[in-house]
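For reference, the structure discussed in these notes is given below.
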Amino acid sequence: MTNLDLFAEPAPADGAGHARMLALHGLLHQYAHQYYVLDAPSVPDAEYDRLFQELQALEAAHPEWVTADSPTQRIGGKPLEQFAAVHHAEPMLSIRTETDTEASGAQAFDARVRKELGLTEADPPVEYVAEPKFDGLAMNLRYEQGVLVQAATRGDGETGEDVTQNIRTIGQVPLRITGQIPSVLEVRGEVYMRRDDFEALNEKQREKGEKTFVNPRNAAAGAVRQLDSGIAAQRPLSFFAYGVGEVTSAEQGGPAFSTHFGLLQTLKSWGFPVAEQVTTAHGAPELIAYHQRIGASRDQLPYDIDGVVYKVNSLVLQQQLGFVTREPRWAVAHKYPAQEQVTRVLGIDVQVGRTGKLTPVARLDPVFVGGTTVSNATLHNLFELRRKGVRVGDMAIVRRAGDVIPEVVGVVNSGPRASYVQNFRMPRTCPVCGSAVVREKAEVNHRCTGGLFCSAQRKQAILHFAQRRAVEVEGLGDKLVDQLVDGGVVNTLPDLYRLGLSALAALDRMADKSAQNLLQALEQSKQTTLPRFLFGLGIRHVGEATAKALARHFGSLDAIMDATAEQLLEVADIGPIVAESIRTFFDQPHNREVVEQLRACGVTWAEGEPAAQTPKPLAGKTFVITGTLPTLGRDAAKDLLEAAGAKVAGSVSKKTDYVLAGTEAGSKLAKALELGVAVIDEAAMLALLQESN
Ligand code: IVH
């Protein structure tokens with residue numbers, strides 16, 4: 001023992017455990033600050049949760065160690081100083097999380113509820129409402145006399161931030177509601193960013209060489225807390241309602257709700273978006289079925305969810321169940337596998353795409369993320385790779401959500417790196433064909449100049465043409481294309497249709513039967529549509545939507561090939577860059593040659609007026625659209641109706657068959673009611689389209 005030890009604080013008996021606890025305090029405080037205050041998280045939620053739980057476990061074992069400043073003693077985020085503080089009339093609660101992603105999570109919740117309510121096995125199943133757990137940020141919208149007067153974040157549950165200006169920019173949030181509404185109404189729900197809006201936003205940031213957002217939730221949080229509401233308005237946000245805060249009581253003339261489901265339906269009728277997946281479920285078996293069903297369709301949803309939420313439907317029973325600290329006993333969140341995980345970067349490869357773009361791709365220690373095992377993730381381009389500071393040997397945060405390719409969104413700041421870690425350089429020549437690699441001024445992407453000389457580009461062009469959304473050649477996958485191109489059997493698209501049984505049967509591992517199947521699939525693919533064919537050609541900037549617009553506008557391929565840039569610009573949604581790209585493509589003699597040869601091989605489609613062949617179930621019906629629709633833009637709704645043969649008029653008259661009304665519908669709605677014209681909402685319109693199909 002040294003002298004100094006005599007003056008030291010008495011060390012806790014479990015010194016290592018105590019030191020670990022202090023280390024966890026530091027880490028969790030740092031991560032929470034980055035997450036809540038800076039909107040720039042440095043670790044995935046799963047990692048934060050893991051450390052948080054480790055701390056909780058330590059504190060449970062040593063209650064005497066718990067201090068007031070422990071991260072476990074604080075709920076939610078500190079309000080930002082720039083925004084005015086809002087004291088919530090009703091506290092904004094959080095939900096207990098069932099981390100067990102298996103069926104037993106739902107069973108445990110149902111069992112707890114039944115026990116608390118004193119139910120026995122003889123009693124019928126409890127009725128629940130099952131909802132997606134949206135991955136955005138909680139918002140309280142306060143309406144007085146039907147007017148949105150305040151929007152506030154959750155903050156610590158008691159006090160949030162006044163973000164009214166920014167929330168007003170969200171089209172789906174009604175600024176005013178009409179009908180039988182209570183004088184005070186607080187609607188609670190989630191502000192989120194759709195995945196496609198998020199991808200488009202990041203794509204724009206990437207093109208400008210600016211910082212991209214880690215995930216839709218962070219992009220949404222950033223937009224909501226943007227001090228400049230002009231910038232907030234450029235970040236497309238959406239909203240789903242899932243509950244209420246303060247509401248004028250029934251005694252004072254407010255609504256008398258008896259179930260949570262009824263409450264949500266009423267909110268919907270007032271114009272608030274409520275997710276179509278919200279449903280009632282009875283007992284644990286139906287909760288489990290819901291968890292599985294939503295889990296299976298998770299990738300197809302247009303937004304991120306991190307689980308589902310179960311709530312006891314009866315409001316009387318909810319009251320009876322009450323709360324433990326800040327969490328209601330009547331609700332639980334049942335999670336899904338995280339969409340972000342941490343894993344090691346084993347190497348960085350370069351892949352060559354259809355247009356010659358060189359993409360750095362991280363080779364990863366395989367990791368289970370978003371429901372599948374991922375071993376490669378895109379780094380997009382050199383500049384993004386550098387901005388994120390990714391190096392071989394780092395622990396990287398990988399995100400996989402929806403059908404989007406997995407990507408590296410950042411690295412865990414792991415302190416100084418080991419000296420063996422090597423930095424990455426973009427190759428000067430194409431790793432596939434050896435042609436020069438160039439990067440044009442102000443461009444972020446490196447490209448191989450080999451064109452169709454580059455086998456990687458040829459392979460990608462063939463795969464693009466053969467994919468399901470283009471002409472669809474079933475069974476023509478990347479392994480087969482590799483063999484066909486590497487063996488010199490297929491060099492251009494028309495070569496596909498010149499394949500014979502003998503050439504195919506000569507390939508590695510190709511049985512007679514599979515060769516025949518492929519030939520048959522090729523034969524079938526010849527009968528296609530103009531939009532599919534156009535999209536399949538792989539013209540830069542011509543995606544499916546543009547291909548459809550071109551086909552609709554011009555009617556025939558020859559008209560498109562011969563259109564001038566000015567004529568192309570007349571097509572809705574085609575701008576100068578796209579027009580230029582189409583022109584350049586068809587100005588190249590070899591591209592025209594490919595088209596002619598494909599036609600000569602028998603690839604055909606119906607020309608003229610493609611729209612004429614689709615059924616017109618709503619022909620003769622006149623619609624008027626008014627107000628803001630919950631999910632569709634007005635143009636999109638108009639397109640859908642017109643495609644089904646309906647006429648969309650600007651004003652309501654006796655000849656109007658339906659008024660499609662969203663929130664903030666004004667005089668047109670009044671007129672419709674006066675004339676007795678049928679008024680339908682977006683869901684009813686979609687149902688009409690479905691029925692008549
Ligand atoms: S209900 C008393 N329903 O999850 C329950 N919350 O800890 C209050 N969330 O940040 C919330 N989807 O924003 C509820 N369908 C849903 C939800 C949901 C997402 C979020 C909420 C809050 C957290 C609750």
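When a ligand or atom number is given, it counts from 1 through the structure's own listing order.
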task: Compile the protein residues with any heavy atom at a distance under 4.0 Å from an atom of ligand 1; present them by chain, then by number.
output: Leu93, Ser94, Ile95, Glu131, Pro132, Lys133, Phe134, Ala138, Glu190, Tyr242, Val309, Lys311, Pro328, Trp330

- request: Answer yes or no: is there an ion pair linking Arg20 with Glu54, defined by an N-O contact shorter than 4.0 Å?
  value: yes

query: Are the charged groups of Glu131 and Lys133 less than 4.0 angstrom apart, N to O?
result: no

- prompt: What class does the angle between the rings of Tyr242 and Phe134 fall in, given that below 30° is parallel, 30 to 60° is tilted and above 60° is perpendicular?
  reply: parallel

query: Under 3.5 Å, is there a donor-acceptor pair linking the side chains of Thr248 and Ser183?
result: yes

- prompt: What pairs with Thr280 under side-chain hydrogen bond (donor to acceptor under 3.5 Å, both in side chains), at least two apart in sequence or on another chain?
  reply: none

message: How long is the straight-line distance from CG of Asp49 back to OG1 of Thr97, given to the nearest 0.5 Å?
response: 7.5 Å

